[in-house]
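Please read the structure below before turning to the comments.
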Amino acid sequence: MSIWLEQPGKKRIGLMGGTFDPVHYGHLVAAEEARYQFVMEKVIFVPASKPPHKSRKDISTPEQRLEMTKIAVSTNPYFTTSDIEIKRAGLSYTIDTVLAMKQVNPDWEIYFITGADVILDILTWKNIERLLRECYFVAATRPGFHLELIECKLDRLSKEALARIKTIEVPALAISSTNIRQRVREDRPIKYLLPDEVEKFIYQNSLYLTASW
Ligand code: NAP
């Protein structure tokens, strides 16, 4: 059963933010669970152009990550993708994305879905207090994640801001992009960790054969 009540006049929309290098079933399950729990009309996957705080130099191109994400979401009518951050280029600040989306769609109530590990760092993000007034956060947790870490690490936030961070448990998030890249490099199977068509794209484009992570 869903835990959220409808708010009249607002469309609840999920923005699934990540590097998606590559997108995998953990991301897809997390987005679907968030959509269900928070009664979202749709979830838009937004691959970051150059995520702030990223130092990996071998990251796949934005176009490749967008293409893999498009392929992965194609079988879910509630899922779509946006190239807003890739078109904007430069560092992908979430506040810029959320404000741009709300300007075009003032009736949207945005839920920014991302990994719980990412949320632990939000105090360093651009305009975080404003961002938490403009949207909710949904932190997707991996098995073994200690929920109390969120309150503990984010204790500088106001009570109101903290209350806008929701969590969901996603057992499938035991899958990780880092592990998939490593498996490809070591010639180990990645089947059943991500959609077949994304797997095909990875091999056809010779992704992840060299490493610097
Ligand atoms: P990341 O380093 O790629 O990921 C960190 C951890 O979170 C990884 O374990 C990752 O798992 C997981 N994760 C990432 N996105 C996820 C998602 N949507 N659902 C579930 N787990 C997820 O994180 P990132 O891509 O740089 O940042 C995530 C989002 O936050 C992006 O949209 C980025 O632009 C935004 N961000 C904004 C700011 C800012 O505005 N200043 C700063 C940092 C990040 P996998 O590796 O398996 O994906």
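Bear in mind the structure is a predicted one, so any value in this text is a computation, not a measurement. Note that ligands are numbered from 1 as they come in the structure, with each ligand's atoms numbered from 1 the same way.
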Identify whether NZ of Lys or CZ of Arg in Arg185 sits under 6.0 Å from the centre of the six-membered ring of Tyr208 and within 45° of that ring's axis.
no
Between the CZ atom in Arg181 and the CG atom in Leu209, the distance rounded to the nearest 0.5 Å is 13.0 Å
So the atoms of ligand 1 within less than 4.0 Å of a heavy atom of Ala48 turn out to be 34 (O)
* If we only count N/O pairs under 3.5 Å, is Arg142 in contact with ligand 1? -> yes
| request: Looking only at distances, please establish whether an N/O atom of ligand 1 is found under 3.5 Å from an N/O atom of Gly17. | output: yes
Which of Asp121, Ile128, Ile119, Leu149 passes side chain to side chain contact (heavy atoms under 4.5 Å, CB included) with Leu154? It is Ile119
For residues 167-177, dump all side-chain donor-acceptor pairs below 3.5 Å to protein atoms at least two apart in sequence or in another chain.
| unit_1 | atom_1 | unit_2 | atom_2 | d |
| --- | --- | --- | --- | --- |
| Ser176 | OG | Asn179 | N | 3.0 |
| Ser177 | OG | Pro22 | O | 2.9 |

One finds that the ligand 1 atoms under 4.0 Å from a non-hydrogen atom of Lys126 are 41 (N)
Notebook entry, point to check: Are any of the N or O atoms of His27 closer than 3.5 Å to those of ligand 1?
Noted result: yes
One finds that the ligand 1 atoms under 4.0 Å from a non-hydrogen atom of Ser176 are 47 (O)
Of Lys102, Arg12, Lys10, the one forming a side-chain hydrogen bond (donor to acceptor under 3.5 Å, both in side chains) with Glu109 is Arg12
(message) Surrounding CG of Asp187 (heavy atoms of other residues, nucleotides or ligands, distance under 6.0 Å), is the total greater than 12?
(response) no
Logged contact type for Ser177 with ligand 1, heavy-atom cut-off 4.0 Å, is both
Ligand 1 atoms nearer than 4.0 angstrom to some heavy atom of Met16 are 17 (C), 18 (N), 19 (N)
* **Ser92, any N or O under 3.5 Å of ligand 1 N or O** => yes
*Atom OH of Tyr203 with >12 non-hydrogen neighbours under 6.0 angstrom*: yes
Taken in chain and number order and not counting sequence neighbours, the residues that satisfy ring pair (Phe, Tyr, Trp, His ring centres under 6.0 Å) with Phe79 are Phe45
Within 4.0 Å of some non-hydrogen atom of Thr19, the atoms of ligand 1 are 3 (O), 24 (P), 25 (O), 26 (O)
Quick look: Phe112 vs ligand 1, heavy-atom contacts under 4.0 Å, and the answer is side chain
Closest non-hydrogen contact found for Val98 with Ile110 is O-CD1, 4.1 Å
Heavy-atom closest pair (Pro47 atom, Ser82 atom, distance to 0.1 Å) is CD-O, 3.5 Å
Do any nitrogen or oxygen atoms of Gly18 come within less than 3.5 Å of a nitrogen or oxygen of ligand 1?
yes
Q. Based purely on interatomic distance, does Thr94 place a nitrogen or oxygen under 3.5 Å from a nitrogen or oxygen of ligand 1?
A. yes
Logged contact type for Asp117 with ligand 1, heavy-atom cut-off 4.0 Å, is side chain
Going by the 4.0 angstrom heavy-atom rule, the piece of Ile113 near ligand 1 is backbone
